[in-house]
Amino acid sequence: MSQDRLLQEAVLAEFAWEPSVTAAHIGVTAKNGIVTLSGHVENFLEKRAAEHAAARVKGVKAVVEELKVQLHSSMERSDEDIAQAAAMRLEWEVSVPRDAVKIRVEKGWVTLSGQVEWHFQKDAAERVVHGLYGVVGVFNETTIKPRADAINIGNKIDLALHRSWFDPKTITVTTQGGKVTLTGSVETPADRYTAGATAWGAAGATEVENDLIIA
């Protein structure tokens, strides 16, 4: 059996193992470590869960996600209802500064905008609307406020990366103002994500370009 077929079957098995994913309407293809997901799911949260489940399978170098959200009639909500629910969730989310994130909803697509101090706050704002009834997608246009302490963030990220299991010879960190670029290689998509999250943890980081490859 070819490696592509083995990888395809491994992803399908992971979907069967993951209780938040119903694989009946998801197609999986694999080519040279690149996995493509097609078909449809019943909600946006399941779409994200499928992407994450595929990414954690050994041998997957990247995931191309082409899934569409097809809401069951019982899950459909008006844009006004979605906007009100999202606003309420943000108001109760301690990780998101009050009134920092604005919401726009059109045909089930939620657009978040505004400015926050840290990337984890931007992530939290997106996370709280993922599981709302009626949401078919999220555009997170929230930006990170520039900070005066962006100087030397490259060295700080280097130290943070190398406090963990990353080999200092495999990842190069370059910075330009608050923009951080990671180049080099890691072993798994999970390592790539962790490296990116570590870079986002630096005070002064306003953008992270993760160019790490899976080797």
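If you read the sequence from its start, that first residue is 1, and numbering goes on from there. Computation of the quantities below employed the complete heavy-atom set of this structure, encompassing side-chain atoms and omitting hydrogens, waters and symmetry-equivalent molecules. Because the structure is a prediction, the values reported are computed rather than measured.
Legend: ring-ring contact (aromatic ring centres under 6.0 Å, His included) pairs involving residues 43-65, not counting sequence neighbours, sorted by first then second residue: F44-H130. The side chain to side chain donor-acceptor pair (under 3.5 Å) contacts involving residues 19-35 comprise E18-S20, where partners must be two or more places apart or lie in separate chains. Applying the side chain to side chain donor-acceptor pair (under 3.5 Å) test to residues at least two apart or on different chains, the pairs with a partner in residues 61-72 are H72-S74.
Atom CG of L67 and atom NZ of K47 lie 6.5 Å apart (nearest 0.5 Å). To the nearest 0.5 Å, atom CD of residue Q84 and atom CE of residue M88 are 8.5 Å apart. Atoms CZ and CG, from R127 and D123 in turn, are 7.5 Å apart once rounded to the nearest 0.5 Å. Here NZ of K102 is found 11.0 Å from OG1 of T142. Values are rounded to the nearest 0.5 Å. Taking OH from Y193 and CZ from R56, the interatomic distance works out to 13.0 Å, rounded to the nearest 0.5 Å. Note that CD of E207 is 10.5 Å distant from NE2 of H119, once rounded to the nearest 0.5 Å.
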task: For E106 and T111, run side-chain contact (heavy atoms from CB on, under 4.5 Å): C-alpha distance rounded to whole Å, both residues' side-chain angles, the deciding distance at 0.1 Å, then the answer.
output: CA-CA 8 Å; E106 183 176 358; T111 300; over 6 Å; no
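Taking the side-chain contact (heavy atoms from CB on, under 4.5 Å) definition, one finds that L212 meets it with I171, L182, V186, R192, A195, N210, sequence neighbours left out. Checked against salt bridge (charged side-chain N to carboxylate O under 4.0 Å, His left out), E117 has the following partners two or more places apart in sequence or in another chain: K145. With sequence neighbours excluded, no residue forms a salt bridge (charged side-chain N to carboxylate O under 4.0 Å, His left out) with R163. Taking E209 as the reference, K179 meet the salt bridge (charged side-chain N to carboxylate O under 4.0 Å, His left out) condition, with sequence neighbours excluded. Applying the salt bridge (charged side-chain N to carboxylate O under 4.0 Å, His left out) test to E187 and every residue at least two apart in sequence or in another chain returns nothing. Residues satisfying the side-chain contact (heavy atoms from CB on, under 4.5 Å) test with T188, not counting sequence neighbours, are A190, D191.
Taking a 4.5 Å side-chain heavy-atom cut-off between Ile, Leu, Val, Met, Phe, Trp and Tyr, the cluster of V94 contains only that residue. Residue F120 is found in a hydrophobic cluster whose other members, listed by chain and number, are W118; membership requires side-chain heavy atoms under 4.5 Å apart, directly or through intermediates. Applying the 4.5 Å side-chain rule to ILVMFWY residues, one finds V64 in the same cluster as I34.
The shortest non-hydrogen separation linking L7 to G33 is CD2-CA, 3.8 Å. What you find for A83 and I103 is that their closest heavy atoms are O-CD1, 4.3 Å. Contact between V116 and A100 at its shortest, heavy atoms only, is CG1-CB, 4.1 Å. Contact between A160 and T198 at its shortest, heavy atoms only, is CB-CG2, 3.6 Å. Of all the heavy atoms in I26 and F15, the pair that sits closest is CG2-CE1, 3.8 Å. Taking every heavy atom of both residues into account, V180 and A199 meet most closely at CG1-CB, 4.3 Å.
Put simply, the side chain of Q8 gets close to the backbone of V28: a donor and an acceptor are under 3.5 Å apart. With N140 contributing its side chain and K122 its backbone, the two residues share a donor-acceptor pair below 3.5 Å. A side-chain donor-acceptor contact under 3.5 Å links N43 to the backbone of E46.
Put simply, L45 and V21 are part of two different groups of oily side chains (I, L, V, M, F, W, Y) that touch within less than 4.5 Å, one to the next.
Here the side chains of D81 and Y133 are not in contact, with every heavy-atom distance at 4.5 Å or above. Side-chain atoms of T206 and T143, non-hydrogen and from C-beta on, never get closer than 4.5 Å to each other. The side-chain heavy atoms of V128 and V96, taken from C-beta on, include no pair separated by under 4.5 Å. Annotation: side chain of N155 is not in contact with side chain of L159 (no heavy-atom distance under 4.5 Å).
Salt bridge status for R5 with E9: present, with a side-chain N to carboxylate O gap under 4.0 Å.
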